[in-house]
Amino acid sequence: MTDRWPDKAVPEFTDAELSAAIERHEDDPDSVVQEIVRSCVREWERRHDLPRT
């Protein structure tokens, strides 16, 4: 990921990028960042057939 995070659509993230984005930004207070993190979590859940949160 670059300084222009995110620089591509969440579905295009690799698993490593999803994991890093969730971990790195999960406590960010910005509501836009939190929506992106939620999108990352949903994408992770979809890819790994996990129940959605």
Side-chain angles (χ1 to χ4, degrees):
M1 287 186 250
T2 68
D3 291 339
R4 298 180 307 129
W5 185 83
D7 58 348
K8 58 186 170 185
V10 169
E12 297 174 1
F13 284 16
T14 65
D15 280 358
E17 289 172 321
L18 285 172
S19 180
I22 293 165
E23 187 174 311
R24 187 176 314 138
H25 299 285
E26 67 185 340
D27 294 326
D28 193 304
D30 186 289
S31 63
V32 173
V33 173
Q34 281 303 305
E35 182 55 39
I36 295 168
V37 169
R38 284 191 294 275
S39 294
C40 290
V41 169
R42 287 190 300 270
E43 179 64 20
W44 181 270
E45 292 169 342
R46 184 193 67 75
R47 287 184 191 183
H48 298 279
D49 293 324
L50 299 172
R52 291 191 166 202
T53 58

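Worth saying up front: this structure is predicted, and the values here are computed from it rather than measured.
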*Asks:* Between H25 and D30, does any side-chain donor sit less than 3.5 Å from a side-chain acceptor?
*Replies:*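 H25 vs D30: no donor-acceptor pair found between side chains.
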*Asks:* Is any side-chain heavy atom of D15 closer than 4.5 Å to a side-chain heavy atom of H48?
*Replies:*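 Touching, per the 4.5 Å side-chain cut-off.
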*Asks:* Give, for atom CZ of R24 and atom OG of S19, the distance between the pair rounded to the nearest 0.5 Å.
*Replies:*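 If we round to the nearest 0.5 Å, R24:CZ and S19:OG are 9.5 Å apart.
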*Asks:* Hey, what do you get for CG (L18) to CD (E23), rounding to the nearest 0.5 Å?
*Replies:*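 Separation between the atoms: 12.5 Å.
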*Asks:* Considering only NZ, NE, NH1 and NH2 on the basic side and carboxylate oxygens on the acidic side, decide whether R46 and E43 come within less than 4.0 Å.
*Replies:*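 Between E43 and R46 there is a salt bridge, with a charged N closer than 4.0 Å to a carboxylate O.
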*Asks:* Looking only at heavy atoms, what is the nearest atom pair of F13 and R47, with distance?
*Replies:*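 Of all heavy-atom pairs spanning F13 and R47, the closest is O-NH2, 2.5 Å.
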*Asks:* Just by distance, do the side chain of S39 and the backbone of E35 share a donor-acceptor pair under 3.5 Å?
*Replies:*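 Confirmed, S39 side chain pairs with E35 backbone.
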*Asks:* Between V41 and E26, is the side chain to side chain contact (heavy atoms under 4.5 Å, CB included) condition met? List the steps.
*Replies:* CA-CA 10 Å; V41 169; E26 67 185 340; over 6 Å; no
*Asks:* Taking all non-hydrogen atoms of both residues into account, name the closest pair between A21 and V37 and its distance.
*Replies:*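 Minimum heavy-atom contact is O-CG2, 4.3 Å.
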*Asks:* Do side-chain atoms of Q34 reach the backbone of P29 as a donor and acceptor pair under 3.5 angstrom?
*Replies:*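 Such a contact is absent between Q34 side chain and P29 backbone.
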